[in-house]
Amino acid sequence: MSRPIADRAGPTDPATAWRLPPRWVLLVAVLLIACAEVGGASMARFKVELTRWARSVALDRPAVHGLVGVRDVDERILDEMLVKFDAGLRLFHMHAEGMGLVILATTTVAATLVRAAGARRALILLLTAGGAGYPLGYLVWSWLIPYHGIERGKAIAEWLVWIPFGGAAIAALWGLAIVVAARVAGR
Amino acid sequence: MIGVLLALAVAPVVTVPAAAHHVGTYTPKDNAVTTNFKQVKFSVQAKKFDVALRLFETGALRATMRAQAATLPPGLEDGTRAALSAGAGAEVERLLMLFFVALARDLALEAERQLAASTASVEARTAMGQKFLEAIWRYYNLVDFAVSMRDSKTSAAVRLAFDEAEGYIRGTAAPAALNPCAGAKPAVGRAAPDPAKLCEPLRRIAQVLSTLIEAASTPARRNS
């Protein structure tokens with residue numbers, strides 16, 4: 001499954017060559033970075049439209065957001081809601097960019113240093129799924145805020161996305177760290 | 001290896017996720033009225049009355065005075081413009097104090113009305129009361145110094161009532177203002193929030209501010 005990176009560059013020592021992760025992993029990582037860039041561009045291009053949409057959805061649900069019908073009170077509630085909505089989109093943009101690179105780096109390490117095929121496949125799968133799924137939680141949170149409020153939306157995003165995918169990525173990273181430490185100790 | 005991975009996967013789940021997951025903080029911003037007030041106030045303090053007049057004529061203060069003229073003391077807009085034109089800083093301060101005190105009083109009355117009529121859950125009424133208190137304080141805090149210079153008893157009464165209201169929202173047994181040296185109360189000893197009791201301090205805030213508006217509607221009276 002994994003191939004030495006230096007294959008096409010010429011003869012190299014298989015024991016020290018870096019190995020590429022499977023191509024589908026590379027595709028997921030590149031797609032994630034592409035989504036991050038599209039998200040960032042869309043935030044800037046459609047800022048007004050997104051704000052209007054979030055505001056109108058929230059105004060249709062006054063009980064969810066605790067709106068009381070008094071401008072001096074409601075404007076601050078809506079302002080906080082819109083700030084968090086925007087923060088969720090920004091955090092998606094940044095995390096998706098970063099996690100794309102994290103997937104590329106960590107799965108390359110796993111493909112190179114993990115000898116047992118089953119463990120290598122499990123680690124690459126967890127790193128890829130966790131790394132790609134986690135940033136989507138911010139997008140989900142942003143989308144949920146106008147409908148369910150800041151805290152309720154956050155709780156839903158946490159249990160649906162951040163905990164399972166973030167947990168998978170963290171577990172895989174610790175597993176990878178253990179493998180690397182074992183290789184360092186046993187060389 | 002699999003056991004270790006499972007243990008590591010479970011670890012984040014058993015921790016408290018909401019507290020651990022940081023998604024940024026919200027810092028409340030000034031609204032158009034408070035921003036315009038600060039612009040006018042600083043211009044007056046710098047004796048730039050022409051600048052202050054221009055900021056007042058084009059800003060949210062004047063627009064709000066017009067929009068809420070029915071519930072505000074009469075003559076606020078004309079009086080403020082005249083005082084700015086005449087370069088009368090103390091009179092501008094008095095009229096703007098009246099304006100914000102009237103806004104805070106109206107918010108206190110509306111909060112009391114909505115809380116008394118609400119059949120929502122304790123949590124929802126607590127959140128509603130908290131939002132109203134924040135809005136009242138945002139306006140009153142701008143002119144508290146001017147109020148205390150004019151009528152220190154009123155300033156103290158508003159602060160006490162406000163602290164009592166916050167105590168009912170936060171679930172503290174006694175208002176902080178009664179014992180300012182006590183520090184934060186431990187969570188174990190806290191009572192549950194009681195929004196039903198909020199109406200009383202809100203009513204007191206409205207009464208005290210109404211009395212102040214009547215007393216301060218004629219220029220130049222200071223008791224301290």
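Just so it is clear: chains get the letters A, B, ... in the order the sequence lines come, proteins before strands, and each one is counted from 1.
Contact of E75(A) with chain B is made through the side chain alone, with heavy-atom distances under 4.5 Å. Of the atoms belonging to R71(A), it is side-chain heavy atoms, and not backbone ones, that fall under 4.5 Å from chain B. Of the two parts of V83(A), only the side chain, counted from C-beta on, holds a non-hydrogen atom closer than 4.5 Å to a non-hydrogen atom of chain B. Contact annotation for I77(A): only side-chain heavy atoms (C-beta onward) come within less than 4.5 Å of a heavy atom of chain B.
Each of L142(B), L55(B), T64(B) was scored for a side chain to side chain contact (heavy atoms under 4.5 Å, CB included) with F37(B), with one residue passing: L142(B).
Within the 3.5 Å criterion, the main-chain N or O of I156(A) finds no donor-acceptor partner in the side chain of W141(A). Distance alone, capped at 3.5 Å, is enough to place a donor-acceptor pair between the S142(A) side chain and the L89(A) backbone. Judged by distance alone, the side chain of R105(B) and the main-chain N or O of S210(B) form no donor-acceptor pair under 3.5 Å. Between the side chain of R62(B) and the main chain of T58(B), no donor-acceptor pair closer than 3.5 Å is present.
The pair E200(B)-R204(B) counts as a salt bridge, with a side-chain nitrogen and a carboxylate oxygen less than 4.0 angstrom apart. Salt bridge absent: E57(B) and R54(B) never bring a charged side-chain N and a carboxylate O closer than 4.0 Å.
The shortest distance between side-chain heavy atoms of F92(A) and V140(A) does not fall below 4.5 Å. Contact annotation: the side chain of L59(A) never approaches that of H65(A) to less than 4.5 Å [non-hydrogen atoms, C-beta and beyond]. At least one side-chain heavy atom of T80(B) sits under 4.5 Å from a side-chain heavy atom of L84(B).
Between chain B and the options L67(A), D79(A), L173(A), D74(A), heavy-atom pairs under 4.5 Å are most frequent for D79(A).
In this structure, CZ on F85(A) lies 11.0 Å from CG on L144(A), to the nearest 0.5 angstrom.
Below 4.5 Å, heavy atoms of chain A meet heavy atoms from P28(B), K29(B), N31(B), V33(B), all part of residues 28-35 of chain B. Heavy-atom proximity under 4.5 angstrom to chain A picks out Q114(B), M128(B), K131(B), F132(B), E134(B), A135(B), R138(B), Y139(B) from residues 112-141 of chain B.
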For L107(B) and V70(A), run side-chain contact (heavy atoms from CB on, under 4.5 Å): C-alpha distance rounded to whole Å, both residues' side-chain angles, the deciding distance at 0.1 Å, then the answer. CA-CA 8 Å; L107(B) 282 169; V70(A) 177; 3.6 Å; yes
